[in-house]
Amino acid sequence: MGFSKDFMWGGAAAAHQIEGAYNEDGKGLNIWDVHTSLEGVVRYSEDAKVACDHYHRYKDDIKLFKEMGLKYYRFSISWARVLPNGVGQVNEKGLKFYSDLVDELLANGIEPIITLFHWDYPYELYCKGHWLNPDSPLWFEEYTKVVVDALSDRVKIWMTINEPQCIIGCGHWKGTHAPFQQLPMRDLVRMSHNIMLSHGRAVKYIREHAKQKCKVSFVPIAPVHIPENDSREAIEQAKADSFTLKHKGFFSICWWCDPILKGKYPEEAYELLGEDMITPSKEDMELISQPLDFITCNIYYSESFRIPNQYSSNAFQGVSRNSLGWVVDEKVMYWSAKFMYERYGLPYIIGENGFAGRDWVDLDGKIVDGNRIDYIRRYVKELMRAADEGVPVLGYLYWSVMDNFEWAEGYDERFGLIHVDYKTQARTIKESGRWFKKLIESNGEIVK
Ligand code: IFM
């Protein structure tokens, strides 16, 4: 069977990780611009002031995307580039950058997919209480309006928020991402709720005001547990473990996906969070659960119960890992598609999937990244298995189109199909990028 003829093959990236030009043409600062300079928060104190300089080089980059045969490109908008203070005065130059980017993509036959928010929160709004401020959903709606009014004549696919799990989990709970906070549960619950309200307001705005009929989605991470064996009991157990708050808290799938896709918080939230939990109004839940067209999931590894200093069900001595230490476990593609479809009933797209390595250009000028090719092959094969078994799998977007700033890990961890030399800004398509073209041309058949 395989994938449908109109399968969405593409790549993804995010504004802060590639654009650079952090203070040019009227851009405001975001929390990463400001907090990256704190002592010891980013490996080697690296920053994204220049990153891949995509802001100035986007035309050349798009040529390379075309050379790799990409049909779709998912990118995010820097909120502070279009609204330097987060709300109020619009920065026309910033908006023009995205308008030109969209035009350039379309001129090269590549369909743009916009992510409204991929972690680079405007610093000015952070100072006003960020997601904790009850007005924050209104700020997000104002921002959405600016972008949608300017680009929806040409952009047909919109993602509201990328990996809300990491916004709260890494940024405000564990303190490993900007703004490097560790806030109390009570605050984290309210911030999560405001993020979901922001998502709802954005969906509503897009549906009501976009200049053409659009598809709308959001982007959770959805690494599920893999059944221990093929028995019905093991599958049910893996499913139950995948959709509980008990082990992963704000990183769990159901904390976000149940309200957004089912219109209610998981029952266990009330029990586990006690007085820290909110009592949401019916109106709030209706707003949060605006119908979506599909669910866009980011998948890298499978989930497991982590016992400190011990191996878990999906990790063992010598297991294959990427350079970040993430276990390579392609079965997660199949089970995530299956479980997510069964629970939420929406068509499924991979919004991100990719392999981090320490690639370099060899003496012959090539980047021979066989591990990445094999990784993609394994994962796509499992995705195809889910499609063959009836899950409506609509697309696969590789993370990332090019090497970039990997947040607190800096520049060492290279996910790209295109190698970036940060000293010269030279780009080289990796072997994986060339293979990805063949993958697209075969509509995935070469993975078999
Ligand atoms: O680089 C990140 C991206 O910004 C969000 N998803 C995971 C990627 C790899 O860590």
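Order of listing sets the numbers, starting from 1, for every ligand and every atom in it. On a predicted model such as this, the values are computed, not experimentally measured, just so you know.
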Distance-only N or O hit between ligand 1 and Trp119, under 3.5 Å: no
Within-cut-off N or O pair, Asn162 and ligand 1, under 3.5 Å: no
Donor-acceptor contact below 3.5 Å, side chain Trp32 vs main chain Leu29: no
Phe97-His56 aromatic ring centre distance below 6.0 Å: no
From the candidates Phe415, Phe405, Trp407, Tyr300, the one that places a heavy atom nearest atom 8 (C) of ligand 1: Tyr300
Proximity flag Glu409 to ligand 1, non-hydrogen atoms under 4.0 Å: no
Protein residue, atom and distance nearest to atom 2 (C) of ligand 1, heavy-atom basis: Glu406 OE1, 3.6 Å
Location of contacts on Trp326 toward ligand 1, heavy atoms closer than 4.0 Å: side chain
Test log, rule ring pair (Phe, Tyr, Trp, His ring centres under 6.0 Å), inputs Trp335 and His225: CA-CA 8 Å; Trp335 288 108; His225 285 250; over 10 Å; no
Closest protein heavy atom to atom 6 (N) of ligand 1, given as residue, atom name and distance to 0.1 Å: Glu352 OE1, 2.5 Å
Shortest non-hydrogen separation from Phe415 to Arg372 and the atoms involved: O-NE, 3.6 Å
Ser76 side chain reached by Phe117 side chain, heavy atoms, under 4.5 Å: no
Glu24 and Lys93 ion-paired at < 4.0 Å: no
Side chain, backbone, both or neither: the part of Glu413 lying under 4.0 Å from ligand 1 by heavy atom: neither
Electrostatic pair Asp149-Lys145, nearest N-O below 4.0 angstrom: yes
Atoms in ligand 1 flagged as close to Glu163, the criterion being non-hydrogen separation under 4.0 Å: 5 (C), 6 (N), 7 (C)
